[in-house]
Amino acid sequence: MSLLELRNVEARYGPVKALHGVSLTVGGGELVAVLGANGAGKTTTLRAISGTVRRTGDLVFGGKALPRRPEGTARAGIAHVPEGRGTFSDLTVWENLRLGAYTRRGGIKDDARRVFGFFPRLEERRHQQAGTLSGGEQQMLALGRAMMARPKLLLLDEPSLGLAPIVVNEIFEALERMKGQDGMSVLVVEQNANLVLAHAARAYVLEVGAVVVEGTSDELRANQSVRKSYLGY
Amino acid sequence: MPIAAFTWTEFAQQLAAGIREGAIYAGLALAIVIIYRSTRVINFAQGEMATFTTFIAWSLMNQGLTFWEAFPIVLAIAFTGGVVIERTLIRPVENAPVLTIVIITLGLALLLNGLMNLIWGGANVQFHGPFSTRTIDVGGVPVSVQDIGIVAVSILLVGLLALFFRFTKLGLGMRAAAVNRDSSRLVGVRVSWMFALGWGIATVLGAVAGMMIAPVVFLDPNMMQTILLYAFAAAVLGGLDSPVGAVVGGILLGVTITLLGRYVGFIGSTLKLPAALLLILVLLLVRPGGLFGKVAVRRV
Amino acid sequence: MRRRLWLELSAFVVLAAVVALLPRFVSDFRARELAIVGMYFIALLGLSILTGFNGQISLGNGAFMAIGGYTTAILSVDGFYGHQVRDLWTIPIAGVVAGIAGLVVGLPALRLSGLYLALITFGIAVSFPQLPKKFDHFFGGTTGKILNLAKPPFGLSTTTNNWIYYLTWGIALVLLVAAWLLVRGKTGRAFKAIRDSEVAAVSSGISIGRYKTLAFGISAFYAGVAGSLYAIANAYVNPDVFPIILSVYLVVGLAVGGLDSLFGMIAGAALIYFLQNHADTVARWLNHLPALSLDPQKPGIPSVVFGIVLIVVMILLPTGVGGLVRRLFGPLTTRLYTRS
């Protein structure tokens, strides 16, 4: 049974419907990608899962119905790194990390050490205001913050946005190692289809708020229309 | 501008009076800063809420309780009251423009003021505080024990608050909820309850401030109105985000106003507040965030 | 967009018609009351431009009203180099004097924002009433100055109160049109850009300093005109005529009206006038409800009523009357939500 199951999920922003019945699954320890053009509903899908936007439909997480509000989904073991990273700019790096562990009881020293292990640059800057970090460092911080919660499912929205390719590779490598260590599942929204398909086991392609193609990375890379529209060859 | 005859003893006395004044502003300023820090709202009802809880204390003491017996009861009532007010009046409009929420606090101030007039009449009453009014000699300057008590309590409160915000998880959650609600929710902070907690704490601070002030200025429904103005000035002076700033700002303001009022004849008593605000304006031009406030750094 | 334009034009025509015809149906005293509502309306228009459209909060516009009122008083009583100025002509002068004061205030205001600005402008409101007391030979001290009673000009045969009503609302309608044109034009767009994002505005080449100061000047001009009219209607000025709390009332009216809704300011003006002067009426009316026995004479009742009304109004209409009107007429001027 999958860790996360979405069946016919709909969501709207005011009068405009953004998701027209999205269905997908994420298994334990899997890295699954969500592709699509701008406005296709990728970010909305993540928001629907974390509860940031109101949605209808069946959402099952770990066999139980998914809580409706973000506070609930966070406690259930879902960490959402939103578009724009959502860093607490006025707080320090260390405080950002502490907040990541908000729902956990007990000591966080070990988790912090792990995060610093993945991202040594964060340790150097631990008492700096998060807003003064570079884009790449903020992405690392956002990821680190998510890790502090030891989530079962990590929702990542456009991690490569605005970052240099070298930095993006660093981040994806760290992601792979994290996933390997904890058996964490990851659902990644990405514009850079080539990049993410190199790391993902499966992927979904969204168009106008619904899934149009799904399959393993290899299947998608072989798919003619996907290649033309999203992979550029 | 004639400067009156100067003696060191008198200066010290004025200084002490200024510090005492300042500690009074500091108490209320602290409450203002707490609510601002946790909810980004300026609570114009802060003064009236403080007076109201002080009247409750007075009623309890009238029923035979001593100050220290009534004290924890009043604090509990204050905390509950603050939380209830936030849940009923502020929660419904959490996402409205800030000005709307501010007007609601204004309405609350009027409501409480009217209620106090209704319930306890307009008479000045004597409030017996916890500190004795006898004076002791500090290096040749007579200082009242009460004044020392007020200053000590303010400093203690600020210390406790600073510790709370810096080192506890709840304090961190409150700070996070204030600066970024959406991200806070994503990490599991119950943002709504953080706001309620902020109001509860602030109301408790106001209650303490009220009970410190009442022995000095006589308890009546309008007790806190001018003090509220000075408290706002102190909060802004110190930087609206900083509890330490509120206390430092309060004491600085108290000292400056007292000394100005005494030694600069031009100012006298009517122009004390305008003079204070002018000084604060000058300071803000140099440091727009106040003494300890952080001017937000944003990486575009 | 065209549909919205037609709606606003029709609203204006209706308003003008109501204004023109209303005095026939109401008592003379009511006309005076409505005139004062009109003065608040003018002041609120200015505040809306400053706070609603330009995002600068001011708790000191009562002081600008006072400047306008005192200018009118001084000019018409003491005169200009001995020449007493006719009260009508003092109105624009009062506006300009207040406007200049606004520009002056606007300069240091550039460094401040949000609550820091609110406090400093409140400081102005608090300080200003002290000035007439300190410089009493010029300002008339606590007793103030007494003007000649307003008379309808050109021997028009109408009551004083009606005259004041038409004068005020005539000016109000003109200033409403001016404000409306302003916010729809280049200046208005610059104001709104600054309000929404100073960083973005600067990158678009908008001179923040110039427009923010201008906004203060304009709002002070409006307040000055309102204050001037008030002085004429009152026939005297002293520090109590423009008290500290006036600035607070203006902000209340602004919020109730709906921040950046020009037409909404009428509602805001009506509310602040009504609450100040008729809290006892509301108390008496509430008395009719069973289980409530509110003796309107008891001290504190007006405050309780005023407070409750404010709270209820703002909870029910968080975006003010203007917001409500926009929601009601929204479907008529459909705007598609676009996700960025």
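Every chain is numbered from 1, with letters handed out A, B, ... down the list of sequences.
Counting heavy atoms from C-beta on, the side chains of Leu310(C) and Ile103(B) come closer than 4.5 Å.
Contacts with chain B were tallied for Gly123(C), Pro318(C), Ala255(C); Pro318(C) has the most, counting heavy-atom pairs under 4.5 Å. Interface check for chain C: of the options Leu240(B), Leu112(B), Ile119(B), the most heavy-atom pairs under 4.5 Å are formed by Leu240(B). Taking chain C as the reference chain and counting heavy-atom pairs below 4.5 Å, the highest number among Asn95(B), Leu277(B), Thr100(B), Leu229(B) is found for Thr100(B).
Distance check, rounded to the nearest 0.5 Å: CD1 of Ile120(C) to CG of Leu285(B) gives 8.0 Å. Residue Ser127(C) holds its OG atom at 8.0 Å from CG of Leu278(B), rounded to the nearest 0.5 Å. Here the straight-line distance linking atom CG of Leu115(B) with atom CD1 of Ile308(C) works out to 7.5 Å at 0.5 Å rounding. Rounded to the nearest 0.5 angstrom, Leu99(B) CG and Met314(C) CE are separated by 8.0 Å. Note that the CG atom of Leu106(B) and the CD1 atom of Ile311(C) stand 9.5 Å from one another [nearest 0.5 Å].
Using a 4.5 Å cut-off between heavy atoms, Val313(C) does not touch chain B at all. With a threshold of 4.5 angstrom between heavy atoms, Leu259(C) approaches chain B through side-chain atoms but not through N, CA, C or O. Only the side chain of Val93(B) comes within contact range of chain C, judged by heavy atoms closer than 4.5 Å. Neither the backbone nor the side chain of Thr226(B) has a heavy atom closer than 4.5 Å to any heavy atom of chain C. For Val41(B), no part lies near chain C; criterion is any non-hydrogen pair under 4.5 Å. Proximity to chain B is limited to the side chain of Ile57(C), based on heavy atoms less than 4.5 angstrom apart. Both the backbone and the side chain of Ile315(C) come within less than 4.5 Å of a heavy atom of chain B. For Ile42(B), the part sitting under 4.5 Å from any heavy atom of chain C is the side chain, from C-beta outward, and nothing else.
Closest heavy-atom contact between Pro97(B) and Thr319(C): CD-CG2, 4.5 Å.
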